[in-house]
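Every number for a ligand or one of its atoms is a count from 1 in the order of the listing. What you see is a predicted model, and the numbers here were worked out from it, not measured in a lab. Along the sequence shown, the residues carry numbers beginning at 1.
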Amino acid sequence: MIKKMKTIFVKNYEEMSEKGYEIIKDVIETKEQPVISMTTGGSPRGLFTLLVEGVNNGLDISNTVMMNLDEYIGPKNAVYTVNTFMYENFYNKINTQPKEIFLINGEADNKEEEINRYKEVLNAYPRDVQVLGLGTNGHIGANEPGTPFDSTIFLAEHDDSTIESTMREYNIERDEAPTEMITLGFTEILEAEKVILLVSGKRKSEAVKNLLEGEVSTDCPATALRDKDNVIVIIDEEAASLLDEETKK
Ligand code: F6R
């Protein structure tokens, strides 16, 4: 099977987080003005813990530009928003701040205007790194099954499985859970010099099997990354548990 993206197989969540951190730390230490675009949710929590430790122990982010690839539609301070996650898990915990912080405004009345504003941010700041998590249905950002592989930043509707994952992750009821998100499309995601996909846990094993061994198809959005040589997938043992031995070589 021809696949150009790089796969790194690790033991567990901790090792996945450490590998991700090593890559980002190297970019921060070597680029003149590093531009890092993050994701939120369970997958990057450990990576954020390491980044906080790093920054508070001298990793210099004074020239680093930070942003995120998506934001839920809802009140900015709701428990599930990317905004809340980023402040609780990173910006409020570090003792020096990045050069710039960009976030999508999920409570903007005019979504089209907000999308256009963020497009300008994306044009002004080409990303060195884009960190991603994998949906149980194979989604990337909020590019759900069926999204064309040439998508650009748009207002996306969540699949049921995504709404359920949000409820689980943030311990909220269905009527509180967001159903839409503004998300970067595959086009802007893949523009990053390095794309890091973090995958851990049994819950993700089906999606990982489709990602690495299934058909390249919009049915599994992550397969859009398969033939891209700027993509690094870091997969732990539980997430890799359904893979053929051949795939892990
Ligand atoms: C969240 C996002 C989503 C998650 C994905 C995996 O900002 O972009 O695509 O990365 O749903 O979520 P976790 O990591 O919570 O399993």
Side-chain angles (χ1 to χ4, degrees), residues 12-14 16-17 19-20 36-49 66-74 76 78-91 101-106 118 122 127 129-147 151 153-172 177-186 188-190 192 195-208 210-211 218 220-225 231-236 238-240:
N12 52 27
Y13 184 84
E14 284 67 38
M16 175 196 76
S17 306
K19 277 272 174 243
I36 313 282
S37 178
M38 297 300 297
T39 188
T40 59
S43 307
R45 272 180 203 278
L47 168 56
F48 276 112
T49 302
M66 301 276 311
M67 62 175 81
N68 281 75
L69 94 152
D70 50 18
E71 178 59 287
Y72 297 97
I73 301 303
K76 196 181 239 162
V79 60
Y80 55 76
T81 64
V82 168
N83 196 293
T84 300
F85 184 101
M86 288 304 294
Y87 278 91
E88 280 183 356
N89 291 285
F90 193 55
Y91 300 128
I101 298 172
F102 294 107
L103 287 158
I104 297 169
N105 178 5
Y118 212 67
L122 296 169
R127 277 75 60 215
V129 178
Q130 174 63 64
V131 177
L132 300 170
L134 180 65
T136 50
N137 63 358
H139 73 223
I140 293 291
N143 292 262
E144 297 280 21
T147 307
S151 62
I153 182 170
F154 69 110
L155 177 62
E157 267 182 44
H158 289 308
D159 272 16
D160 275 352
S161 67
T162 306
I163 297 173
E164 277 154 26
S165 294
T166 312
M167 289 163 60
R168 174 184 173 277
E169 185 62 32
Y170 297 102
N171 206 9
I172 52 177
T179 58
E180 291 178 306
M181 203 171 202
I182 293 176
T183 180
L184 266 61
F186 291 113
E188 296 98 356
I189 287 171
L190 287 164
V195 177
I196 305 172
L197 176 59
L198 302 172
V199 203
S200 166
K202 252 215 145 36
R203 248 171 22 97
K204 304 293 175 73
S205 54
E206 199 74 58
V208 166
N210 288 332
L211 165 63
T218 58
C220 177
T223 57
L225 313 182
V231 176
I232 305 165
V233 193
I234 309 175
I235 309 168
D236 79 356
E238 283 193 1

For this session: Among all protein heavy atoms, pick out the one at the shortest distance from atom 8 (O) of ligand 1; state its residue, atom name and that distance to 0.1 Å.
Result: Asp70 OD2, 2.5 Å

Exercise. Could you go step by step and tell me if Leu197 and Ile140 meet the side chain to side chain contact (heavy atoms under 4.5 Å, CB included) rule?
Worked result: CA-CA 9 Å; Leu197 176 59; Ile140 293 291; 4.0 Å; yes

Exercise. Of all the heavy atoms in Glu71, does at least one lie under 4.0 Å from an atom in ligand 1?
Worked result: no

For this session: Below 4.0 angstrom from a heavy atom of Thr39, which ligand 1 atoms are there? Numbered from 1 as shown, please.
Result: 1 (C), 2 (C), 7 (O), 8 (O), 10 (O)

For this session: Please check if atom CD in Glu206 has more than 12 non-hydrogen atoms from other residues, nucleotides or ligands closer than 6.0 Å.
Result: no

Exercise. Between the side chains of His158 and Thr166, does any donor sit under 3.5 Å from an acceptor?
Worked result: no

Exercise. How far is atom 12 (O) of ligand 1 from its nearest protein heavy atom, and which residue and atom is that?
Worked result: Lys204 NZ, 4.3 Å

Exercise. Counting heavy atoms only, which of Gly141, Gly201, Ser43 is nearest atom 3 (C) of ligand 1?
Worked result: Gly141

Seminar exercise, completed: Gly42 heavy atoms within 4.0 Å reach ligand 1 at atoms 13 (P), 14 (O), 15 (O)

Problem set entry | Tyr72-ligand 1 polar pair, N/O distance under 3.5 Å | no

Problem set entry | Distance from atom 11 (O) of ligand 1 to nearest protein heavy atom, with residue and atom | His139 NE2, 2.6 Å

For this session: Check whether the side chains of Asn137 and Glu144 place a donor and an acceptor atom closer than 3.5 Å, and report yes or no.
Result: yes

For this session: Return yes when atom CD of Glu164 has more than 12 non-hydrogen atoms of other residues, nucleotides or ligands closer than 6.0 Å, and no otherwise.
Result: yes

For this session: Could you pull out all residues at least two apart from Asn68 that satisfy side chain to side chain donor-acceptor pair (under 3.5 Å)?
Result: none

For this session: Check step by step if side chain to side chain contact (heavy atoms under 4.5 Å, CB included) holds for Leu47 and Ile196.
Result: CA-CA 12 Å; Leu47 168 56; Ile196 305 172; over 6 Å; no

For this session: Using a strict 4.0 Å cut-off to heavy atoms of Gly133, name the atoms of ligand 1 that fall inside it.
Result: 10 (O)

Exercise. Taking only residues two or more places apart in sequence or in another chain, which ones pass salt bridge (charged side-chain N to carboxylate O under 4.0 Å, His left out) with Glu169?
Worked result: Arg45

Exercise. Of all the non-hydrogen atoms in the protein, which one sits nearest to atom 6 (C) of ligand 1, and at what distance?
Worked result: Leu134 O, 3.5 Å

Problem set entry | Numbered atoms and elements of ligand 1 in range of Arg203, under 4.0 angstrom, heavy atoms | 16 (O)

